[in-house]
Amino acid sequence: MRAWNRAKLLWGYLTRRARLDALPVEYIVETTAKCNLYCPMCPRETHPQPKADMTDEIFRTLLAEAGDTAEHMMLIGLGEPFMDPKIFERIEYCHRHSVSTLLSTNGTFLDERYAAKVLDSPLEQITLSFDGFKKETFEFYRKGAKFDKVRDNFVRFARMKHERGSHLQVVVQMVRMEGNAAEADDFLGFWKGIPGVDRLRIKEDETNLMRPNAGHVAGDWKYPCHYLWRGAVYVKQNGDVYPCCQSYMLDGKPLGTLGQQPLIEIWNAAPMQEMRRLHAAGRGGEVDICSRCCTTIPHPVLVTGSLLLHGKTVRRMLPLVERLTYLAKLPTRLLRPPKRTG
């Protein structure tokens, strides 16, 4: 079922279909909108969030409609996943539907007890967010977190994973911004020496908060955005579904709401089909939210590969592909970041 669903998405992407007879491979699912930190690059600074969790009804509706075709769900959003009291139940529920899960954490709750719960769960990948090598840099970007505490939590967690022989994929990630870019080499040097860390990721900043004028230029629209055919779609805590996480952060409107319309209708809503038509014609810049987006548009070769492989495999390979591209080991045309940096 999943391979056939992926094949139909690939055919739709290659033939630039506006309406798809298949559902997304990946989902970003915001199981909680609560967070304990205040970060200048986070859309929470401009989009106030409720102190609320996703209901069981919304989460189960999503799995009921997407459980046979979804391959990977990222249980993240504008909240800290470990503030969701049902996060481990949700991971287990996805596992029962054979859906791979990932989450990303700021590390403030990842003490030894929580680390053990994570390692006992069927979670398949975790991203440890650590935006800086120096204390002052880290605490500027992660307001409310303590550098030493989070670093120690991450190191202990990675070592516990290593000692257990766990197959959980551990990615340590730094979002590269103006204030921490010079620390990237030190960041890589430190974390590559920690047992239990599987991948290191230097992620480009994909928000506009630190760079208000950032976005794509006309030449960036040679290829259509993969999100519109493959996903990941963004499911907000209240059940609203957006074409991608950036569309919400750039004040786009939801395509629909889970439980009010079938998921396949939401995925093929009129605004979504119009976005696909414009992108297929090389006119993605005419879509307001797309023109202001900072997300990298991959070469069709990479998009095709991402639809030939299972979603969890793609997610595991992503940090490596990004590093090879940004370190000039792969042609930059394969993973093209926006040219305008604002």
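What's counted below: heavy atoms across the whole structure, side chains too, no hydrogens, waters or symmetry copies.
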Expected output: side-chain [X] to main-chain [Y] donor-acceptor under 3.5 Å:
X	Y	result
D53	D84	no
E65	L263	yes
R276	L228	yes
R90	L75	no
E124	T101	no
H97	V99	no
E45	M41	no
D205	M177	no
Q49	H47	yes

Hey, what's the ring geometry for W191 with F130, parallel, tilted or perpendicular (30° and 60° as the breaks)?
-> perpendicular
Contacts of type ring pair (Phe, Tyr, Trp, His ring centres under 6.0 Å), residue [X], not counting sequence neighbours:
X	result
Y27	none
H279	W221
W267	none
F82	Y114

Between F154, F133, F147, which is the residue that forms a ring-ring contact (aromatic ring centres under 6.0 Å, His included) with F138?
-> F147
My understanding is that only residues two or more places apart in sequence, or in another chain, count here; which of them pass side-chain hydrogen bond (donor to acceptor under 3.5 Å, both in side chains) with [X]?
X	result
E57	none
Y227	none
D148	R151
R60	Y93

Going from [atom1] on [X] to [atom2] on [Y], what distance comes out if it is rounded to the nearest 0.5 angstrom?
X	Y	atom1	atom2	answer
Q260	D240	CD	CG	8.0 Å
H226	L302	NE2	CG	9.5 Å
M275	D288	CE	CG	10.0 Å
E183	R176	CD	CZ	12.5 Å
R44	K34	CZ	NZ	10.5 Å
I91	L103	CD1	CG	5.0 Å

Side chain to side chain donor-acceptor pair (under 3.5 Å): which pairs involve residues 1-14, sequence neighbours left out?
-> R6-E71
Taking only residues at least two apart or on different chains, which pairs with a member in residues 73-82 satisfy side chain to side chain donor-acceptor pair (under 3.5 Å)?
-> E80-T105, E80-N106
Heavy-atom closest pair, residues [X] and [Y]:
X	Y	result
Y141	C39	O-CB, 3.1 Å
L168	D198	O-OD2, 3.3 Å
K143	P40	CE-CD, 4.3 Å
V175	N180	O-ND2, 2.8 Å

Quiz: residues 303-311 side-chain donor-acceptor pairs under 3.5 angstrom, not counting sequence neighbours:
unit_1: T304; atom_1: OG1; unit_2: P300; atom_2: O; d: 2.8
unit_1: S306; atom_1: OG; unit_2: R230; atom_2: NE; d: 3.1
unit_1: S306; atom_1: OG; unit_2: V303; atom_2: O; d: 2.6
unit_1: H310; atom_1: ND1; unit_2: K312; atom_2: N; d: 3.1

Look at atom NZ of K253 and say whether more than 12 heavy atoms of other residues, nucleotides or ligands are closer to it than 6.0 Å.
-> no
Compare all side-chain heavy atoms of I202 with those of F187 and state whether any distance is below 4.5 angstrom.
-> yes
Are T69 and M1 side-chain neighbours, meaning at least one heavy-atom pair lies under 4.5 Å?
-> yes
Carboxylate-amine/guanidinium proximity below 4.0 Å for K86 and D56 = yes
Salt bridge (Lys or Arg N to Asp or Glu O under 4.0 Å) pairs touching residues 110-123, sequence neighbours excluded, are D120-R164
